[in-house]
Participant: 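Here it is, the structure in full.
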Amino acid sequence: MKIPFTKMHGCGNDYIYINCFEHTIDDPSTLSQQISDRHFGIGGDGIVLICPSDEADAKMRMFNIDGSEGKMCGNAIRCVAKYVYDNNIVAKEVLKIETLSGIKTIELFMENGKMTTAKVDMGKAILEPALIPVQSKEENPLINFPLQVEDISYHITTVSMGNPHCVVFVEDPMLVDLPLIGPKFEHHSFFPESVNTEFIVVKDRNTLHMRVWERGSGETLACGTGACAAVVAAVLNGYCDRDSNITVKLLGGDLVIRYTDEGVFMTGPAVSVFDGEILV
């Protein structure tokens, strides 16, 4: 059958978006594996289904390249907000989007009647080890915690932003052999649900540089929840200040994160690339 789609990205974190207000996808896991391939398909970090919701303005379901379903994606949710607004599905400048990590609130910013950027209330960071989850008997947050990965001891800070993150501060993330070390973190027994891993260098109290290895997708150009986790970890380790706007520089662009007592807020772009149809 022919499936209409829209290719969109947030800071280069690109997904294939399908309007499930109008179409039904019976096997999104297999579809994601088929059409996310950059050589034999459309190409992307996965697919996102934009669905009706009984609780919010729309529902987001996202599937990684390997077919696994993710709970939350900060870059994708901005694109979902752009899609439903620009296509007149929901005519609001503050939207509620349902995810597997709960309902998120998105404030839209416009240019010439189209959404260009958005601020997402990502909710509160989860720091309790059992809830992230990690295999640890510790009850207190794991901040600068030693973890042996094969023959190297890393100091990690663990955070959940609806999905598990492991933040590692390094001198230069560009020198990290991410294809080698990323899978070792992702599948480490310490993380029973696998993990997203961020390698961070602190440039100053308001700027971080980051590379990310995402579970189920590998290295991506950006990760919204990862940028949020990085800022939370930087504040917990004393590198940055709470209630400050922190710019996280990713391979695909910049996100601005603010970590407050009320929650974590992320501001960034959403870009529509092209529309098309694929025969599957």
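One is the number of the first residue; the rest follow in order along the sequence.
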Participant: Show every donor-acceptor pair shorter than 3.5 Å between a side-chain atom in residues 43-58 and any protein atom, with sequence neighbours excluded, or say none if there are none.
Facilitator:
residue	atom	partner	partner atom	Å
Asp45	OD1	Arg38	NH2	3.2
Asp45	OD2	Asn13	ND2	2.8
Asp45	OD2	Asp14	N	3.3
Ser53	OG	Glu55	N	3.0
Ser53	OG	Ala56	N	3.0
Ser53	OG	Glu98	OE1	2.5
Asp57	OD1	Lys92	NZ	2.9
Asp57	OD2	Lys96	N	2.8

Participant: With sequence neighbours left out, what residues match Phe199 under ring pair (Phe, Tyr, Trp, His ring centres under 6.0 Å)?
Facilitator: Phe185
Participant: Run the side-chain donor-acceptor check on residues 263-280: report pairs under 3.5 Å with partners two or more places apart or on a different chain.
Facilitator:
residue	atom	partner	partner atom	Å
Asp275	OD1	Thr6	OG1	2.6

Participant: Do Glu214 and Thr220 get their side chains close enough for a donor-acceptor pair, meaning under 3.5 Å?
Facilitator: yes
Participant: Do you see a donor-acceptor pair shorter than 3.5 Å between the side chains of Asp241 and Ser244?
Facilitator: no
Participant: Please name all residues satisfying ring pair (Phe, Tyr, Trp, His ring centres under 6.0 Å) with Tyr239, sequence neighbours left out, ordered by chain then number.
Facilitator: Phe169
Participant: Pairing donors with acceptors under 3.5 angstrom, does anything connect the side chains of His165 and Thr225?
Facilitator: yes
Participant: Between side-chain atoms of residues 106-122 and protein atoms elsewhere (two or more places apart, or another chain), which donor-acceptor pairs fall under 3.5 Å?
Facilitator:
residue	atom	partner	partner atom	Å
Thr116	OG1	Phe109	O	3.4
Asp121	OD1	Gly123	N	3.0

Participant: Please list all pairs meeting side chain to side chain donor-acceptor pair (under 3.5 Å) that have one or both residues in residues 127-143, counting only residues at least two apart or in different chains.
Facilitator: none
Participant: Inspect the surroundings of NZ in Lys71 and state if more than 12 heavy atoms from other residues, nucleotides or ligands are less than 6.0 Å away.
Facilitator: no
Participant: With the 4.5 Å side-chain cut-off for hydrophobic clustering, are Leu250 and Leu221 part of the same group?
Facilitator: no
Participant: With heavy-atom distances below 4.5 Å as the criterion, would you say the side chains of Lys249 and Leu255 are in contact?
Facilitator: no
